[in-house]
Amino acid sequence: MRRIGVFTSGGDAPGMNAAIRAVVRKGIYEGCEVWGIRRGYAGLIEGDLVPLELGSVADTIHRGGTILLTARSQEFLAEEGRKEAFASLHRAGIEGLIGLGGEGTYKGLLAFHRETGFPVIGVPATIDNDIGGTDYSIGFDTAVNNVIDAINKVRDTATSHERTFVVEVMGRNTGYIALTAGLAGGAESILVPEFPVDLDAVCQRLLRGIRRGKRHSIIVVAEGVGHAPSIAQEIKQRTGLETKAIILGHIQRGGTPTVFDRVLASVMGARAVELLLAGEKKAAVGLVGGEIMHCDLEEALATVKKIDEAVYKLAEILAI
Ligand code: F6P
């Protein structure tokens, strides 16, 4: 294999640049040319391809976002779009593709491989951490640290005013960000889509805490459960407590990647190149039990990841 293509797709995730850098530099080290595809699948269809040199990825390891830009392409969902994408790759002489992203990216890679036989490797990069075949995806650690930073700040003002705050975090329909940040941030309650939400119990817990002398309360809610303003309103009505809502939104996806994400991205990016060169046709890179592994893309997509119920229960016990 002489020429490899790399792209980022779906929501950006901090650490994507570190992974692109690893693909480029490892690829060149192995004697390949590496081309960047801009704007994900949309750029693949349009043929928006750029050759990447060693210097193209200089000064990027610490940057959030993605230097290749990203998009959510509707056209690639159709076979016609994928045919155009194949033609673009063929014209550019690209022989293998590395895609960084989440579930949508993996699904696109698999459909593309099935129709064209083109070798594809998926690298998990989503703050949601909801993609199978890996314990951690690139960007999750930075995102939860962003949430913690916000919770720490909210906690200061919450204590001063003796208020309750409902903090809404991202995660699509999963609670990885909420549970991890809620546990690490000492939240009084964590609401996730994976487990039933009992607002009465949340209110009782709040009132118990106040009777015990708590000066503030933080409730972390995953976006898959509902929106912070309406939950805050409901809590206020039921308890009479002054309750404010914060939606952290896209701030969670930004900023310089943590050490964990930079290392994960570097190792995963390099492994993706090795897999292509070893002749893998449709693989997904992952960190499983502390080791960098890979599995079939289909297996990664078929695996339904679940947040750890024991950790969820522990968070409840510790926040009492
Ligand atoms: O998948 C990453 C993510 O940030 C989700 O947590 C969130 O639901 C979604 O993307 C937001 O998408 P957009 O950036 O298109 O608004």
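Counting convention: from 1, in listed order, for ligands and their atoms alike.
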If we ignore angles and hydrogens, is there a donor and acceptor under 3.5 Å between the side chains of T258 and N145? no

Name the closest protein heavy atom to [atom], giving the residue it belongs to and the distance to 0.1 Å.
atom: atom 1 (O) of ligand 1; value: D128 OD2, 2.6 Å
atom: atom 16 (O) of ligand 1; value: H250 NE2, 3.1 Å
atom: atom 9 (C) of ligand 1; value: R72 NH2, 3.8 Å
atom: atom 11 (C) of ligand 1; value: R253 NH1, 3.7 Å

For ligand 1, which atoms have a heavy atom of E223 less than 4.0 angstrom away? 5 (C), 6 (O), 7 (C), 8 (O)

Which atoms of ligand 1 sit under 4.0 Å from any heavy atom of G171? 6 (O)

Could you note down all residue pairs passing salt bridge (Lys or Arg N to Asp or Glu O under 4.0 Å) where residues 24-50 supplies at least one of them, sequence neighbours left out? R3-E33, K26-E30, K26-E274, R38-D48, R39-D48

Is it the case that the ring center of Y136 lies less than 6.0 angstrom away from the ring center of F260? yes

Counting heavy atoms only, which part of Q252 comes closer than 4.0 Å to ligand 1: side chain, backbone, both or neither? neither

Please classify the I127 to ligand 1 contact at 4.0 Å (heavy-atom distances, strictly less than): side chain, backbone, both or neither. side chain

In the structure I gave you, are the side-chain heavy atoms of F7 and L97 within less than 4.5 Å of one another anywhere? yes

Considering residues at least two apart in sequence or located in another chain, which fulfil the salt bridge (charged side-chain N to carboxylate O under 4.0 Å, His left out) criterion with E95? none

Could you label the plane-to-plane angle of the F112 and F118 rings as parallel, tilted or perpendicular, counting under 30° as parallel and over 60° as perpendicular? tilted

